[in-house]
J.: 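Before anything else, here's the structure in question.
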Amino acid sequence: MSSRKNNKQASDQKVARRDIPDRLRVSPNSRFKLKDTDAERDFGWDKDKAAVATAENRKRLEELQYRLYADGRYALLLAIQAIDGGGKDSTIRRVVSAFNPQGCSVTAFKAPSVEELRHDFLWRIHKAAPARGSVGVFNRSHYEDVLVVRVNDLVPRAVWERRYEQINAFERTLSECDTRIVKIFLHISKEEQRERFQDRLDDRKKNWKFDLGDLEKRTQRDAYNQAFEVMLQKCSTQHAPWYVIPANRKWFRDFAVSQILIYELEQLPLRFPQPRFDVKSVKLV
Ligand code: AMP
Ligand code: MG
């Protein structure tokens, strides 16, 4: 462990687990700055306690998803964004895996296909939105259309500038049609990204994950940070909030994401449907 990881912030009093979501949510119309979020932060939690809490949270998530499925009126959409190496895949593996696969779908959004490019940018996204009763997870999302697209000028400025409004309107539609939307931004430091890339180079089993294209993105970090900030400022809304997770410490990341998912699912008035017959009158022979 590097010394960097021992430099705990003196100011971090332990924050109660139920308060974690409030502390990480970006307020609508805020002047959010990424530099104000320390990617090392742990809110006074330590690795062992967080691991125990995460294990408990996974059980709770399984119960909540069971209710969501049985209830059948609401959907949950979880969108995950991060820089390369930010931990999107491992968050899905370690937290989202608490859900029963029957009732949960994960969609990874790559560079759009020729067919996808012939449609509006939300076409492929809307098709992957979860149905009532289920959870849909986006590994990257429509936000790439104001991130990589903005940073690399893949469309004219006038086109990507309109997209913030279009995204808010789209998300409002989903939310008014009973989809609860949760957006997670995993924030890691440039140094942590370097260590994770180095690991991908050193570990033969991880070589496949290393993408030379990610090196170019690393040199564009300032432009990406600016694009992330605008996205977080303009698109964290009441109906579809962004959460920024300090994600250098994987155990804190998993704990925080599981805590947020519990909070969001608990906002839904989930109930088991009333049987449409007299249960007592049924006699099994
Ligand atoms: P990975 O998540 O490592 O498999 O990489 C997927 C790649 O697809 C990333 O480099 C993204 O930036 C890229 N990508 C995803 N969505 C879009 C989009 N809408 N336009 C251009 N590139 C995209
Ligand atoms: Mg990649």
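Counting convention: from 1, in listed order, for ligands and their atoms alike. Please read these numbers as outputs of a predicted model, since none were measured by experiment.
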J.: Return the set of residues passing side-chain hydrogen bond (donor to acceptor under 3.5 Å, both in side chains) with R204 (not counting sequence neighbours), or none when no residue passes.
T.: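 So R204 forms no side-chain hydrogen bond (donor to acceptor under 3.5 Å, both in side chains) with any residue.
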
J.: Give the minimum heavy-atom separation between Q220 and N152, together with the two atoms involved.
T.: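 Scanning both residues completely, I find the closest heavy atoms to be NE2-OD1, 2.8 Å.
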
J.: Give every pair formed by an N or O atom of ligand 1 and a protein N or O atom closer than 3.5 Å, one pair per line with both atom names and the distance to 0.1 Å, or write none.
T.:
| unit_1 | atom_1 | unit_2 | atom_2 | d |
| --- | --- | --- | --- | --- |
| ligand 1 | 2 (O) | R140 | NE | 2.6 |
| ligand 1 | 2 (O) | R140 | NH2 | 3.2 |
| ligand 1 | 4 (O) | K110 | NZ | 2.4 |
| ligand 1 | 8 (O) | A111 | N | 3.1 |
| ligand 1 | 10 (O) | K217 | NZ | 2.8 |
| ligand 1 | 12 (O) | E144 | OE1 | 3.2 |
| ligand 1 | 12 (O) | K217 | NZ | 3.2 |
| ligand 1 | 14 (N) | A111 | N | 3.4 |
| ligand 1 | 16 (N) | K110 | O | 3.3 |
| ligand 1 | 16 (N) | R124 | NH2 | 3.3 |
| ligand 1 | 19 (N) | R124 | NH2 | 3.3 |
| ligand 1 | 19 (N) | D145 | OD1 | 3.2 |

J.: Among all residues two or more places apart in sequence or in another chain, which pass the side-chain hydrogen bond (donor to acceptor under 3.5 Å, both in side chains) test with H187?
T.: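 Partners of H187 by the side-chain hydrogen bond (donor to acceptor under 3.5 Å, both in side chains) criterion come out as none, since no residue qualifies.
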
J.: What pairs with P273 under side-chain contact (heavy atoms from CB on, under 4.5 Å), at least two apart in sequence or on another chain?
T.: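 With neighbours one apart ignored, the set is A70.
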
J.: Compute whether any side-chain donor of one residue and acceptor of the other, for Q198 and D202, lie under 3.5 angstrom apart.
T.: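 Side chains of Q198 and D202: pair found under 3.5 Å.
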
J.: Taking atom types as modelled and ignoring hydrogens, do the side chains of S258 and R60 form a donor-acceptor contact shorter than 3.5 angstrom?
T.: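 Absent: no donor and acceptor within the cut-off.
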
